[in-house]
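We're numbering straight along the sequence, starting at 1.
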Amino acid sequence: MMLSVRLAVRNTVRYARRTIITTGTIAFSFWMLVFVIGMGEGSYQSIVDNAARSGSGHVVLQSPGHELLDPVPLSDPEAALAAVAEAAPGAVAAPRAQMLVLASASSGSASLLAMGIEPAIEKRVSMIPEVMVEGEWLPDEAGRVGKAVIGRSLARRIRVDVGDKMVLTGKDADHRVLVRISGLFATGSPNADDGLIILNHKTLGALLDTPDEVHQVAIVLEDFHDADAVAQAIQLPGVESLTWAEAVPELGDYVTLDRQGADVMFYTLFALVGLAILNSILMSVMERERELGVLLALGTRPGTIFTMVILEGLILSVISVALGLGLGLATVEYMSHTGLDLVALMGGDAAGLEVEGFSFDAIIYPRMNVARTVNGVLLVVIITVFAALYPAWKAARVPPVDAIRRI
């Protein structure tokens, strides 16, 4: 075995040009792989976080059968909040009530989804307070005349502005509440900007059957990958725990399909890496037939030659993966702070920065996915071994006499 190792190392160093070209090709491919994985994870983080902070949450607690048209109150909101604190101490949980209302102003009306929230808590979990374009966010106290914020596109559609009053009507004409528009927001999501009105939970209570009822608890996590674990950890009677992918299935399907498409590209890249290794090692064996014949004639076992060629391929792959991984990690780490501006890449056109009705940031900050990167490293090593099998078999079967006679 040691003889095979010494021969493999010697051949790798001796054929420096071949080694540099092969390792450079594979290292570049692996660098691209790590960078693309990082960009993909960064874009998923942006999309899912924006969706979560637009209203869905990374995890949602609600009663079974809850629907927008027929909201079902949680039987024990306090128990749900306590379960969140135990399962995810670093998470922020926002209790919410919601119902469909008819919003009427002197200039127009619209059917909207009204969301009753606790303004101080919502400011920690929602992106809407950060995208106020006119006016201000809701005050912590409801006040005698409730305040509300709506999307700028909705305000234009029904021709209202900051300071105007609106009457919200619930399930029947007997349930009404007067609100004053305190601010306008623009999230970039048509669903929110044109169909959502947000007000204090106590203000919405006038339209609810029970003023203090809570329909959902939206949980926002530091890392969306933890959603499955948190949802499974929160198991309460009469409460279903939904991850963001279950709460917004179209978004979950998009991320799944996009990852599958990326996997196809990765496998194609791995196939090209395998061909590069196969070509390099096979050409090396053909160029060294006379040398291999001499070794066999001197009594070197075919198994030693076979192992030597396999080890040459492994050395090439280890060097390549080390270089590619180092460059990839450095690139991802650097760009995780600076970001990649997609708008600049698209010539300043921000159109298309939306997925399934949810917007995502124009600047993507790549992030590492350790599992996918480790799988990539293992696949390169496995592909190297398989790519080297045929050249190794061919090298071990070189006829010594015929090889020595060749000039």
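- Contact check for Gln260 versus Leu257: side-chain heavy atoms found under the 4.5 Å cut-off.
- His58 and Glu222 are not linked by any side-chain donor-acceptor pair at a separation below 3.5 angstrom, with hydrogens and angles left out of the test.
- Remark: Trp31 pairs with Phe28 by the ring pair (Phe, Tyr, Trp, His ring centres under 6.0 Å) rule, at least two apart or across chains.
- Expressed to the nearest 0.5 Å, how far CD1 of Ile150 lies from CG of Leu112 amounts to 7.5 Å.
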Please tabulate, for the side chains in residues 128-142, all donor-acceptor contacts under 3.5 angstrom to protein atoms that are two or more places apart in sequence or on a different chain.
residue : atom : partner : partner atom : Å
Glu130  : OE1  : Arg53   : NH2          : 3.4
Glu130  : OE2  : Arg53   : NH2          : 2.5
Trp137  : NE1  : Pro119  : O            : 3.4

Checking Leu314 against Val381 for the side chain to side chain contact (heavy atoms under 4.5 Å, CB included) test, could you report, in this order, the C-alpha distance in whole Å, the side-chain angles of both residues, the deciding distance, and whether it holds? CA-CA 7 Å; Leu314 284 175; Val381 174; 4.0 Å; yes
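- Taking CD1 of Ile158 as the reference point, atom OG of Ser153 lies at 10.0 Å (rounded to 0.5 Å).
- Residue Phe35 holds its CZ atom at 13.0 Å from CG of Leu329, rounded to the nearest 0.5 Å.
- Side-chain atoms of Leu74 and His215, non-hydrogen and from C-beta on, never get closer than 4.5 Å to each other.
- Side chain of Thr256 to backbone of Gly252: a donor-acceptor contact under 3.5 angstrom is found.
- When all heavy atoms of Leu204 and Met115 are compared, the closest pair comes out as CD2-C, 4.2 Å.
- Here the side chain of Arg159 pairs a donor or acceptor atom with the backbone of Ser107 at under 3.5 angstrom.
- Trp244 approaches Ala227 most closely through the heavy-atom pair CD1-CB, 3.7 Å.
- Side-chain atoms of Ser46 do not come within 3.5 Å of backbone N or O of Ser43 as any donor-acceptor pair.
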Review item, side-chain donor-acceptor pairs of residues 91-106, under 3.5 Å, at least two apart:
residue : atom : partner : partner atom : Å
Arg96   : NE   : Glu122  : OE1          : 3.4
Arg96   : NE   : Glu122  : OE2          : 3.0
Arg96   : NH1  : Gly55   : O            : 2.4
Arg96   : NH2  : Glu122  : OE2          : 2.5
Gln98   : NE2  : His66   : NE2          : 2.9

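- Between Val34 and Leu325, some side-chain heavy-atom pair lies under the 4.5 Å cut-off.
- Note that CZ of Arg301 is 12.5 Å distant from CD1 of Ile305, once rounded to the nearest 0.5 Å.
- The structure places CG of Leu184 at 9.0 Å from CG of Leu154, a figure rounded to the nearest 0.5 Å.
- Using a distance-only test at 3.5 Å, with no hydrogens or angles considered, no donor-acceptor pair links the side chain of Asp164 to the main chain of Val160.
- In this structure, Tyr267 and Leu379 have side chains that are in contact, with non-hydrogen atoms separated by less than 4.5 Å.
- The two residues Ala192 and Phe185 have their closest heavy-atom pair at O-CE1, 3.7 Å.
- The shortest distance between side-chain heavy atoms of Ile47 and Tyr254 falls below 4.5 Å.
- Of all non-hydrogen atoms in Ala80 and Val217, the two that sit nearest each other are CB-CG2, 4.4 Å.
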Evaluation steps, side chain to side chain contact (heavy atoms under 4.5 Å, CB included), between Ile181 and Met166: CA-CA 8 Å; Ile181 301 173; Met166 299 174 65; 3.5 Å; yes
Stepwise, does the side chain to side chain contact (heavy atoms under 4.5 Å, CB included) test hold for Leu389 with Phe306? CA-CA 8 Å; Leu389 285 176; Phe306 182 89; 3.9 Å; yes
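- With sequence neighbours excluded, no residue satisfies side chain to side chain contact (heavy atoms under 4.5 Å, CB included) with Asp253.
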Only distances under 3.5 Å count here; give the side-chain donor-acceptor pairs of residues 230-237 to other protein atoms, sequence neighbours excluded, each with its distance to 0.1 Å.
residue : atom : partner : partner atom : Å
Gln235  : NE2  : Ala231  : O            : 3.3
Gln235  : NE2  : Gln232  : O            : 3.1

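- Interatomic distance, Leu311 CG to Thr304 OG1, rounded to the nearest 0.5 Å: 10.5 Å.
- Of the possible donor and acceptor atoms, none in the side chain of Ser126 sits under 3.5 Å from a partner among the backbone N and O of Lys123.
- Panel note: side chain Asp193, backbone Thr187; a donor-acceptor pair is recorded below 3.5 Å.
- Residues Leu61 and Val84 meet the side-chain proximity criterion, which asks for heavy atoms closer than 4.5 Å.
- A salt bridge is defined here as a Lys NZ or Arg NE, NH1 or NH2 lying under 4.0 Å from an Asp or Glu carboxylate O, and Asp194 with Arg157 meets this definition.
- Residues Lys165 and Leu178 are in side-chain contact: their nearest non-hydrogen atoms beyond the backbone lie under 4.5 Å apart.
- A search for salt bridge (Lys or Arg N to Asp or Glu O under 4.0 Å) contacts involving Asp263 returns Arg372, not counting sequence neighbours.
- Ser182 places none of its side-chain heavy atoms less than 4.5 Å from the side chain of Val162.
- In terms of heavy atoms, Val72 sits closest to Gly65 at CG2-O, 4.0 Å.
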Start with the C-alpha gap between Glu213 and Leu208, add the side-chain angles, then the distance that decides, and say whether side chain to side chain contact (heavy atoms under 4.5 Å, CB included) holds. CA-CA 8 Å; Glu213 69 184 46; Leu208 300 171; 3.8 Å; yes
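- Proximity of a side-chain donor or acceptor of Ser63 to a complementary backbone N or O of Pro73 within less than 3.5 Å is detected.
- Residues Gln45 and Asp223 share a closest heavy-atom pair of OE1-OD1, 4.1 Å.
- With respect to Arg259 and Glu41, a salt bridge is recorded, a charged nitrogen being found less than 4.0 Å from a carboxylate O.
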